[in-house]
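Note sheet for the following structure.
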Amino acid sequence: MTTETAGKYLFPEGFLWGAATAAYQIEGSSMADGAGASIWDRFSHTPGNMKDGDTGDVACDHYKRWREDIQLMKRLNLQAYRFSVSWSRVMPEGRGAINPKGIDFYDRLVDGLLEQGIEPLCTLYHWDLPAALDDRGGWLNPDIADWFADYGQVLFEKFKGRVKTWGTINEPWVIVDGGYLHGALAPGHRSAFEAMIAGHNVLRAHGAAVKRFRQVGEGKIGIVLNIEPKYPASDKPEDEAARRRAEAQMNRWFLDPLMGRGYPEELKDVYGEAYREFPQEDFDLIAQPTDWMGLNWYTRAVPENAPDAWPTRSRPVKQVQHAHTETGWEVNPPALTDTLVWLHEQTGGKLPLMVTENGSAWYDPPHAIDGRIHDPMRVEYLKNHLKALHDAIGKGVDVRGYMAWSLLDNLEWSLGYSKRFGITHVNFQTQERTIKDSGLLYAEVIKTHGGVL
Ligand SMILES: OC[C@@H]1[C@@H](O)[C@H](O)[C@@H](O)c2[nH]c(CCc3ccccc3)c[n+]21
């Protein structure tokens, strides 16, 4: 904070401050106590898929250290904690039998959070599909909508009155673009034909879960989307056309059907013969009204026309004038403000939003020095993105909360443990946690409702 900005960035009363994680990235013990394998157990144990051969077998050992991690959340002044449930821990085959020890883990976690006055925000699905369901076609099998709603019902009933805010699916785009189009993520397929079908079934599953929630659940339910705003590399018409294709393929592919608009026109151009039409009843199910929407936001892109780039015929141009994180993402806080204003408009200005993920990967040492981890770049990223968020609220965007990605350094999917996003450092040799300078700042932001910014 500087004297002239004192109090300029105060957040609204009731604004919810938290941090986010995902089951496979932090829990470890993924096959313990009767759990079934997930596609990430398979994918991470398949040679060649993971940087340095890393897997989620241990991760942050959160399955055993969850009590210690709740104490960590208290020290960070967190008001909320966004976590995901491992479907195959709860239902080892993905359908049918429930694993009591699996669901007990989340039961203890939720009660532990509530005892500490931390609100649990539960994501049903954060990429770790039960392997047994993948054997039945996974997201390519239309039956998955019912399998997913049945799984959701187990949790809606178990946690009724304790978990009040539910997320159905984390990032349909990454599930499909990573898992079925480019194959960089589990289950590692590469087909535009499969991508269209998987994407549609992910949306149908979301709708089926919302419908089931209305029958058996209590509280509020929504979906979590990653949106990366696209700015044209030049004012040439071919670059604007490329921008529109990139925007359709990432930002509108799932948002438009959820908003009752069906798939964006440009998707036909992007996927060509792989593009599919689907029955109207599917789109009615998909566009079930929800209570909130999560935005996962990290960076923007500046696409140019690139006829050889599959499938969008667009390629992002690196903006060398800006800083870039360890994952190669441009740092551009005003683009977060733009995205929130855009999403507010796209959702008709009626749907409460929450920033469900925002954060940055920078080089941190493998262990603390004098009990500290100085992470000035992450401190700067956090400060400037919270200011950008505040600017969006000032423009009338209804944002209810912010969940920092991530509570802990964790398994960054196929990049393994090489990329650290945590506001808390994890020494993966000893599992020692050390709150980084960014975490100390965040604790102060929460305590002062942003006053310290
Ligand atoms: O990459 C950082 C985080 C992941 O660790 C989370 O599990 C995931 O929800 C998440 N989504 C995004 C933005 C979308 C994206 C994901 C992967 C690669 C590129 C963009 C960034 N992140």
Side-chain angles (χ1 to χ4, degrees), residues 18-27 38-40 43-44 49-51 54 56 59-60 62 81-86 121-129 167-186 188 202 222-230 246-247 249-251 253-255 293-301 303 312 316 324-332 335-336 339 343 354-362 364 378 381-382 385 402-424 426:
T21 64
Y24 192 72
Q25 295 181 270
I26 67 164
E27 289 178 0
S38 78
I39 56 175
W40 272 94
F43 189 83
S44 68
N49 283 343
M50 303 290 285
K51 190 171 185 321
D54 288 341
C60 306
H62 177 74
Y81 172 53
R82 175 179 178 244
F83 65 98
S84 78
V85 172
S86 162
L121 275 63
C122 182
T123 305
L124 295 179
Y125 185 76
H126 199 126
W127 307 357
D128 46 356
L129 187 72
T168 53
I169 290 174
N170 182 75
E171 301 184 342
W173 181 82
V174 179
I175 293 168
V176 179
D177 189 271
Y180 291 88
L181 195 63
H182 293 288
L185 302 176
V202 167
I223 194 165
V224 175
L225 302 182
N226 59 290
I227 303 283
E228 180 184 81
K230 312 294 182 186
E247 180 183 79
Q249 196 269 350
M250 183 188 278
N251 300 340
W253 182 358
F254 299 96
L255 177 62
M293 180 175 283
L295 167 67
N296 288 356
W297 199 92
Y298 292 83
T299 189
R300 68 161 186 168
T312 62
H324 286 70
T325 69
E326 284 288 296
T327 47
W329 298 345
E330 180 198 1
V331 179
N332 194 308
L336 171 57
T339 303
L343 192 56
M354 186 184 297
V355 175
T356 32
E357 284 181 29
N358 175 244
S360 54
W362 304 95
D364 296 324
R378 193 174 290 104
Y381 182 101
L382 177 60
H385 285 80
Y402 176 89
M403 304 292 136
W405 186 268
S406 176
L407 171 69
L408 300 167
D409 290 334
N410 59 50
L411 181 80
E412 180 49 32
W413 305 109
S414 52
L415 296 176
Y417 300 99
S418 68
K419 300 290 177 277
R420 293 176 176 268
F421 278 88
I423 56 174
T424 304
V426 176

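Counting starts at 1 for both ligands and their atoms, in listed order. Note that the coordinates shown come from a computational prediction; the quantities given were computed from them, not determined experimentally.
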Residue contacts for ligand 1, heavy atom to ligand atom, distance under 4.0 Å
Gln25, His126, Trp127, Asn170, Glu171, Val174, Asn226, Asn296, Tyr298, Trp329, Glu357, Trp405, Glu412, Trp413, Phe421

Exercise: do Glu357 and Asn226 side chains pair donor with acceptor under 3.5 Å
no

Identified ring pair (Phe, Tyr, Trp, His ring centres under 6.0 Å) partner of Trp127 from the options Trp413, Trp40, Tyr24
Trp413

I want to check something: taking the side chain as every heavy atom from C-beta on, are Asn170 and Thr356 in contact at a cut-off of under 4.5 Å?
no

If you define the side chain from C-beta out and look only at heavy atoms, does anything of Arg82 sit under 4.5 Å from His126?
yes

Test item: Asn251 side-chain N/O and Ile227 main-chain N/O as donor-acceptor pair under 3.5 Å
no

Residues 406-417 vs salt bridge (charged side-chain N to carboxylate O under 4.0 Å, His left out), sequence neighbours excluded, gives Asp409-Arg420, Asp409-Lys436

